[in-house]
Amino acid sequence: GSEAASEQGQEEEVEDRLKEHMDNLLDKSAKARQAALQSLRLALSSKTLSEFLLERRLTLTDSLEKCLKKGKGEEQALAGTVLTLLCLQMGSGPEGEEVFCNLKPLLVSILTDSTASPSARQSCATALGMCCYIAAADLE
């Protein structure tokens, strides 16, 4: 009984921190957004959170889109990595495809932008390849 309650409490604490990180993606400060992206990258790469993310995928996708559009260099690179992890968590179903389809044009745009930083372009290329492999229903 108490072990299950303790586990439930830990899970809620993790989810509260994730919600906070997602809110911080919209911060005015680039440093705060980068810190939030790094925290999300760590969380998404260390734990399966598909149920939590399923309900919040559109919010997170919108926030990542803003980071990719308005951010520079490191922020764009981190956003690309978080997007890749989000696609991995969503899987090959319609949810993963929806995330990929929403951000694909932006990823291609950054990838082909010769003025974008090499790390941002590389991260967007990886995100494009991985998300396409995992979530693209259209074989083209």
Side-chain angles (χ1 to χ4, degrees):
S2 67
E3 196 173 294
S6 168
E7 199 173 295
Q8 178 73 28
Q10 285 178 330
E11 196 169 309
E12 285 174 9
E13 191 178 309
V14 167
E15 288 182 1
D16 287 345
R17 275 195 308 242
L18 285 170
K19 289 176 194 170
E20 191 178 308
H21 298 318
M22 288 171 65
D23 289 343
N24 289 341
L25 289 178
L26 301 174
D27 200 284
K28 287 187 192 303
S29 160
K31 288 243 185 276
R33 291 191 308 268
Q34 284 182 18
L37 286 165
Q38 287 172 332
S39 297
L40 285 168
R41 180 186 67 189
L42 186 63
L44 295 180
S45 61
S46 61
K47 189 172 169 102
T48 303
L49 301 158
S50 5
E51 278 186 42
F52 172 83
L53 292 169
L54 201 57
E55 301 166 12
R56 295 164 183 83
R57 71 185 181 284
L58 297 177
T59 306
L60 185 52
T61 303
D62 287 347
S63 298
L64 290 173
E65 182 177 7
K66 288 180 177 108
C67 289
L68 286 166
K69 278 183 179 175
K70 296 179 180 174
K72 299 283 179 239
E74 181 67 16
E75 184 177 348
Q76 287 178 316
L78 284 165
T81 302
V82 172
L83 174 61
T84 302
L85 293 167
L86 177 60
C87 262
L88 279 168
Q89 293 264 354
M90 290 294 95
S92 62
E95 296 85 5
E97 185 181 2
E98 179 183 30
V99 168
F100 173 60
C101 288
N102 285 339
L103 291 180
K104 179 184 171 195
L106 186 53
L107 292 173
V108 171
S109 168
I110 294 169
L111 178 61
T112 57
D113 179 359
S114 60
T115 62
S117 79
S119 64
R121 292 174 73 188
Q122 181 268 327
S123 180
C124 287
T126 301
L128 195 60
M130 286 296 290
C131 293
C132 186
Y133 180 73
I134 293 164
D138 181 10
L139 294 177
E140 293 296 314

Report summary line: In this structure, CG of L86 is separated from OG1 of T81 (nearest 0.5 Å) by 12.5 Å

**Report entry** Contacts of S45 that satisfy side-chain contact (heavy atoms from CB on, under 4.5 Å) - sequence neighbours left out
**Finding:** L85

Query raised in the report: Between E65 and L106, what is the shortest heavy-atom contact and its length?
Result: O-CD2, 3.6 Å

Report summary line: Those residues at least two apart in sequence (or on a different chain) that pass side-chain contact (heavy atoms from CB on, under 4.5 Å) with K70 are none

Query raised in the report: Please walk me through it: do L107 and L83 pass side-chain contact (heavy atoms from CB on, under 4.5 Å)?
Result: CA-CA 10 Å; L107 292 173; L83 174 61; 3.6 Å; yes

Report summary line: Between the SG atom in C124 and the CD atom in Q76, the distance rounded to the nearest 0.5 Å is 6.5 Å

Query raised in the report: Residues in side-chain contact (heavy atoms from CB on, under 4.5 Å) with L54, at least two apart?
Result: R57, M90, E95

Query raised in the report: Are V14 and L60 grouped together when hydrophobic residues (ILVMFWY) are joined by side-chain heavy atoms under 4.5 angstrom apart?
Result: yes

Query raised in the report: What are the two closest heavy atoms between G80 and A127, and how far apart are they?
Result: O-CB, 3.5 Å

Requested in this report: Could you walk me through whether L37 and R41 pass the side-chain contact (heavy atoms from CB on, under 4.5 Å) test, one step at a time?
Outcome: CA-CA 6 Å; L37 286 165; R41 180 186 67 189; over 6 Å; no

Query raised in the report: Between the side chain of S119 and the main-chain N/O of E74, is any donor-acceptor distance below 3.5 Å?
Result: no

**Report entry** Polar contact flag, side-chain donor to acceptor under 3.5 angstrom, S50-T48
**Finding:** no

Requested in this report: Indicate if L88 and Y133 have the same hydrophobic cluster label, given that clusters are the connected sets of ILVMFWY residues with side-chain heavy-atom separations under 4.5 angstrom.
Outcome: yes

Requested in this report: Could you grab the distance from atom CZ of R56 to atom CG of D62, nearest 0.5 Å is fine?
Outcome: 14.5 Å

Query raised in the report: Roughly how far, to the nearest 0.5 Å, is the CD atom of Q34 from the NZ atom of K72?
Result: 12.5 Å

Query - For the student: nearest non-hydrogen atoms of P105 and C101, plus distance - result: CD-O, 3.6 Å

Query raised in the report: Can you tell me how far CD of E75 sits from NZ of K69, rounded to the nearest 0.5 angstrom?
Result: 13.5 Å

Report summary line: Correct closest heavy-atom pair for G91 and A135 would be O-CB, 4.1 Å

Query raised in the report: Looking at residues at least two apart in the chain, or sitting in another chain, which of them share a side chain to side chain donor-acceptor pair (under 3.5 Å) with S92?
Result: none

Report summary line: Applying side-chain contact (heavy atoms from CB on, under 4.5 Å) to T115 and not counting sequence neighbours gives D113

Query raised in the report: Taking a hydrophobic cluster as the set of Ile, Leu, Val, Met, Phe, Trp and Tyr residues connected by side-chain heavy atoms closer than 4.5 Å, whether directly or through intermediates, do L68 and V108 fall within one such cluster?
Result: yes

Requested in this report: Please check if the side chain of S63 supplies one atom and the backbone of T59 the other of a donor-acceptor pair under 3.5 Å.
Outcome: yes

Report summary line: Here the gap from L78 atom CG to L40 atom CG, rounded to the nearest 0.5 Å, amounts to 10.0 Å

Report summary line: Scanning both residues in full, the closest heavy-atom pair of G96 with C87 reads O-SG, 4.2 Å

Query raised in the report: Is a donor on one side and an acceptor on the other found under 3.5 Å between the side chain of R33 and the backbone of K28?
Result: yes

Mind listing the side-chain donor-acceptor pairs of residues 15-25 below 3.5 Å, one per line with the distance, residues two or more places apart or on another chain?
| residue | atom | partner | partner atom | Å |
| --- | --- | --- | --- | --- |
| R17 | NH1 | E13 | OE2 | 3.4 |
| N24 | ND2 | E20 | O | 3.4 |

